Amino acid sequence: MLTKTPKQCWEEFAQFMEDCCTATEFQNWIAPIKVSGNSKEELVLEMPNIFVQEYLLENFKKQLENFLPTKANGELALSFVIATPKKTAVTSKASPQPMQPANEKNKSLLNPAYTFEHFIEGPSNQFVKSAAFGIAMRPGKSYNPLFIHGGVGLGKTHLLHAIGHYTMQHHKRIKVHCITTEQFINDLVDNLRNKSVDKMKRFYRSLDVLLVDDIQFLQSRLNFEEEFCNTFEALINQNKQIVITSDKPPGQLKLSERMIARMEWGLVANVSVPDLETRVAILQHKAEQKGIKISHRVAFFIAERIFHNVRQLEGALNRLVAYSQMMGLDVTEEIVENTMSELFQKAPHKRVSVDNILKSVAVMFGVRVSDICGSSRAKNVAFPRQVAMYLAKELINDSLMKLAASFGGKTHSTLLHAWKKISRLIGKDETLRRQIQMARRNLEN
Ligand code: ADP
Ligand code: MG
């Protein structure tokens, strides 16, 4: 028998994960991991940071076990090293100056609601939230810069301000400045006009934490890029913390190579659209902040229909609250349907294949695709098989005979029986209903 090297095992695992994770999950948790060294006995993984290591072990241990060799004692032949930052740090001799008044002024620039306490975690943002929190606890000591990217309304500014609040609160002697890229450019223009650029430079270079929102706006103002880049380097070289948000990853920004390379020095983290459960939690949390309570059912009802971004979700909630207060009505699903049906979004339907369903269900239940397509009647295999058959009938417009055949040559009556059974169970079993809903969304989006 040919034995695979640990590196090959890892490559196969990564390939498998790429097929069954969402692109964001893969990009955040698997892609940054590298194989270190050439050991034949065990797989040594170089992890970008401890969060990724913990996440991998907590969430994908089962899958790892399917791909990696084990040692004589039965444990996985796997060990980790944490990658050292690419840049050689230059230690600052200057001690941070006490600059309370500046911080007081800055606090007012931060949205008071954008704190870590009000940020709801889910699989789409867990990584970036831990990284942001890590930085807020120890600014300048871990990843520098932290680069947060993702689509509109997904919480980038919220996290940036949360870092601002936390650092100001917990490190009294640290000077923090939060600014939009537009604002930075405007300041620079003003200072150029007033011949006070040196003063501005001194100000920026005296900061301990610089938070820059929406760096993509630097793309259209390229003559300011150099000044930004100089400020950036001056701070990084003194181990001052920089956090940047953007609507795209660094490599996709139309900026100089120098600037892109600087932004890739530290940790690049992606925030994506929250899944259904997280959207429900966000809605309930926001409602509570506004002093009203919405039932889980209502939150679910809205979150199932609005899924592009959190800002829209919040807009819907505001509208609902205003309406129900004006009319003196309780918030019910019916009111929701009447007041905001036009806000509800239609899912872009992707073509779903039996293959994708099999992979997704296999991961959901921790079984192998080959088991689902096999003939075992053991419950731990038969049940996932029935769920996969149910999803196939629901999501794929093909003959039952053809669909059943894709499950390792089952008959159409087996498939129909599975579909009926799961349909019935969904009505009774809330957990199963949600599991299936989630699988559906992942497959269709
Ligand atoms: P972005 O900067 O990515 O466009 P924002 O940070 O402005 O998005 O977020 C838009 C709105 O959504 C804000 O009101 C923010 O509080 C809210 N929001 C986004 N993600 C979350 C989350 N995970 N938990 C709570 N609120 C969130
Ligand atoms: Mg923003």
Side-chain angles (χ1 to χ4, degrees), residues 22 24-25 27-28 51 109-136 145-166 177-185 210-220 242-250 252-253 263 268-292 294 296 299-300 302-303 305-322 340 343 345:
T22 64
T24 309
E25 259 180 313
Q27 200 181 348
N28 275 338
F51 307 127
L109 300 175
L110 298 177
N111 185 326
Y114 289 0
T115 60
F116 285 121
E117 290 76 34
H118 292 311
F119 190 83
I120 306 296
E121 260 182 77
S124 63
N125 59 35
Q126 218 160 31
F127 174 76
V128 58
K129 151 94 199 278
S130 337
F133 192 63
I135 271 167
L146 169 64
F147 188 98
I148 301 175
H149 69 95
V152 287
L154 297 180
K156 300 183 298 293
T157 301
H158 187 136
L159 279 172
L160 195 73
H161 288 203
I163 296 174
H165 285 299
Y166 192 96
H177 189 57
C178 179
I179 194 162
T180 63
T181 303
E182 283 293 332
Q183 191 59 47
F184 178 85
I185 293 171
L210 174 60
L211 308 170
V212 184
D213 209 0
D214 290 325
I215 197 75
Q216 70 272 13
F217 291 118
L218 200 58
Q219 292 176 116
S220 50
I242 296 182
V243 185
I244 297 174
T245 73
S246 162
D247 66 350
K248 305 178 194 62
Q252 285 174 25
L253 289 167
M263 292 190 297
V268 176
N270 173 248
V271 49
S272 66
V273 180
D275 63 7
L276 182 63
E277 306 278 307
T278 315
R279 295 200 299 278
V280 170
I282 292 176
L283 268 175
Q284 291 192 306
H285 185 86
K286 298 268 176 197
E288 222 164 87
Q289 267 181 290
K290 292 179 202 304
I292 64 154
I294 53 171
H296 188 74
F300 213 84
I302 302 172
R305 289 164 176 78
I306 297 185
F307 39 81
H308 287 322
N309 76 50
V310 180
R311 196 172 292 145
Q312 288 169 329
L313 211 55
E314 224 177 335
L317 181 69
N318 288 340
R319 186 156 156 178
L320 184 66
V321 171
M340 40 195 207
L343 293 184
Q345 297 155 350

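Since we're looking at a predicted model, the values are computed, not measured. In each ligand, atom 1 is the first atom listed, and ligand 1 is the first ligand listed. Excluded from the calculations below are hydrogen atoms, water molecules and symmetry mates; all remaining heavy atoms, backbone and side chain alike, are included.
The minimum heavy-atom distance linking Lys248 with Gln252 is given by the pair CD-O, 3.5 Å.
To the nearest 0.5 Å, atoms NE2 (His296) and CG (Leu283) are separated by 11.0 Å. Between the CG atom in Asn309 and the CZ atom in Arg279 there is a gap of 10.5 Å [rounded to 0.5 Å]. Considering CD of Gln183 and CG of Leu109, their distance stands at 8.0 Å, rounded to 0.5 Å.
Protein neighbours of ligand 1 below 4.0 Å, counting non-hydrogen atoms: Tyr114, His118, Phe119, Ile120, Asn125, Gly151, Val152, Gly153, Leu154, Gly155, Lys156, Thr157, His158, Ile282, Lys286, Val310, Arg311, Glu314.
Between Phe116 and Tyr166, the angle of the ring planes goes over 60°, which puts this pair in the perpendicular group of the 30/60° scheme.
Here 1 is the count of protein N, O or S atoms positioned under 2.8 Å from the Mg ion (ligand 2), waters not counted.
No donor-acceptor pair under 3.5 Å is formed between the side chain of His149 and the backbone N or O of Lys156.
Each of Val271, Val128, Asn125, Leu146 was compared with Leu159 under the side chain to side chain contact (heavy atoms under 4.5 Å, CB included) criterion, and only Val128 meets it.
The side-chain heavy atoms of Leu253 and Met263, taken from C-beta on, include a pair separated by under 4.5 Å.
Side-chain contact annotation: Thr245 with Asp213, donor-acceptor N/O pair under 3.5 Å present.
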